[in-house]
Amino acid sequence: MQESKTRSIPISLPSMGQEEWEILKKPIESGWITQGPFVAEFERLFAVRHNVKHAIAVSNCTTALHLALLALGIGEGDEVIVPAFTWVATANAVLYCRAKPILVDIDISTFNIDINKIEKVITPQTKAIIPVHLFGLCADVPAIRNKFPWLKVVEDGACAAGAGINSLPAGSLGHIGCFSFHPRKSVTTGEGGMLTTNDDELAEKLNRLRNHGASVSEEQRHKGPRPYILPAFEIVGYNYRMTDLQGAVGVVQLKKLDAFIEERNYWATYYTENLSKIKWLKTPYIPEGYKHGWQSYVLLIDEAKSPMKRNELMEYLQQKGISTRPGTHAVHMLDVYKRMFGYCEDDFPNAKTANNCSIAIPLHNRMTKEDYEHVVESFISLKK
Ligand SMILES: *Cc1c(COP(=O)(O)O)cnc(C)c1O
């Protein structure tokens, strides 16, 4: 009892150390701290790991999603399909382009978009779809591309660095992939994002869009023969660049990605073995052949059978020093989306259930065996 009073397990904690500290000295000493050689190296390594031709670093995954839609030509009057249960950024990116997000309910067993509910929302205006690899489990993008070959597919892989389906990594499944390096994700650069594509033309567009629309990067210009000639500007771009400080940290973090996932996978399996014995808890389902990225470990509570409601459970665990969060939120239940589109809670019943009954429990690379055991024991003591 005494131990649980002092124990404090955060929901997530970045794993950084001496190597990140050391590499940061390099851009600081060289003086090149905006997008430069470390961002380029981070991009190269990320492209190799995710088996894509191009990786383009940006300031975060939200800006990645924005640029992905712009590069695909999404604009006013277009409709873009988005799952109803995802972080709000997925839908917001569609609004940034003045297009309309069209929500589709999720499959409650995977928390990802329900493929069988896509067809009935398709209209002549539907231009693209953003399947989300929620919590690190890939959405079935191959099936989506098969069924709707004319749709542009942007993967929201914010949680899915290193995840995949069979031999296909996240980020190589759609036309463009988007990733996040926010501290809640498995590898982090503080803030940060990455775009992936196999299409040379899209890569060139994304490269310009992130850098004010400039035809060449600052590094190329400054290190080229005529640094005094400003580049051409043929399109309206943005400043969505990643700094070289972040790029340097990214290079080190990316090298640890597979080890991080492996460790998370070990403890996720431990959680599932122990928690699946509790009848009112549903542990994460992983379809055959999928490699989970384990950004987070999310349970679903059957409130009809559980001794307490989800929010009471979160409070109970908080008292035990275990921090938890809802998996994520349902977009149609957020005030701004209700106001803009007039949604009712029951429009997307699975997203509503996930919104109200999901719980993410701690899973990260700075937890000890005792931490994991404490989480399991705290659930087991509730079993009756
Ligand atoms: C974290 C997250 C984002 C946003 O990523 P940022 O890098 O914070 O902009 C978008 N979509 C999903 C599904 C996320 O989990």
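Atoms within a ligand are numbered from 1 in the order they appear, just like the ligands themselves.
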Query raised in the report: Are Glu41 and Lys26 close enough for a salt bridge, meaning some N to O gap below 4.0 Å?
Result: no
Query - Top protein contact for atom 11 (N) of ligand 1, by heavy-atom distance - result: Asp156 OD2, 2.8 Å
Query raised in the report: Which residue owns the protein heavy atom closest to atom 2 (C) of ligand 1, what's the atom, and how far is it?
Result: Lys185 NZ, 2.8 Å
Report summary line: Quick note on ligand 1: atoms under 4.0 Å from a heavy atom of Cys159 include exactly 15 (O)
**Report entry** Interfacing atoms of ligand 1 (cut-off 4.0 Å, heavy-atom, Val132)
**Finding:** 13 (C)
Query raised in the report: Does any N or O atom in His182 lie less than 3.5 angstrom from one in ligand 1, N or O only?
Result: no
Report task. Run the numbers for me: atoms of ligand 1, each under 4.0 Å from some heavy atom of Ala158, listed by number. Result -> 2 (C), 3 (C), 10 (C), 11 (N), 12 (C), 14 (C), 15 (O)
Query raised in the report: Considering distance alone, does some N or O of Glu191 sit under 3.5 Å from an N or O of ligand 1?
Result: no
**Report entry** Close side-chain approach of Tyr343 and Leu103, heavy atoms under 4.5 Å
**Finding:** yes
Report summary line: Nearest heavy-atom contact between Gly157 and Phe179 is O-CD2, 3.2 Å
Query raised in the report: Backbone or side chain, does any N or O of Phe181 fall under 3.5 Å from an N or O of ligand 1?
Result: no
Report task. Please work out whether any backbone atom (N, CA, C, O) or any side-chain heavy atom from C-beta onward of Thr90 is under 4.0 Å from ligand 1, and answer side chain, backbone, both or neither. Result -> side chain
**Report entry** Heavy-atom pair with the smallest gap, counting every atom of Pro307 and Leu382
**Finding:** CG-O, 3.6 Å
**Report entry** Under-4.0 Å salt bridge between Lys223 and Glu219
**Finding:** yes
Requested in this report: Kindly say whether the aromatic ring centers of Phe181 and Phe46 come within a distance under 6.0 Å.
Outcome: yes
Requested in this report: Ignoring hydrogens, just give me the one of Val58, Thr189, Thr62 whose non-hydrogen atom is nearest atom 9 (O) of ligand 1.
Outcome: Thr62
Requested in this report: Among all protein heavy atoms, pick out the one at the shortest distance from atom 5 (O) of ligand 1; state its residue, atom name and that distance to 0.1 Å.
Outcome: Cys61 CB, 3.3 Å
Query raised in the report: Starting from atom 7 (O) of ligand 1, which protein heavy atom do you reach first, and at what distance in Å?
Result: Ser180 OG, 2.7 Å
Requested in this report: For the pair Glu204 and Arg208, find out whether any cationic side-chain nitrogen is under 4.0 Å from an anionic carboxylate oxygen.
Outcome: yes
Report task. Would you indicate whether Lys127, at its atom NZ, is surrounded by more than 12 heavy atoms from other residues, nucleotides or ligands within a distance under 6.0 Å? Result -> yes
Requested in this report: State, without any angle test, whether His54 and Asp200 hold a side-chain donor-acceptor pair at a distance under 3.5 Å.
Outcome: yes
Query raised in the report: Which atoms of ligand 1 have any heavy atom of Thr86 under 4.0 Å away?
Result: 13 (C)
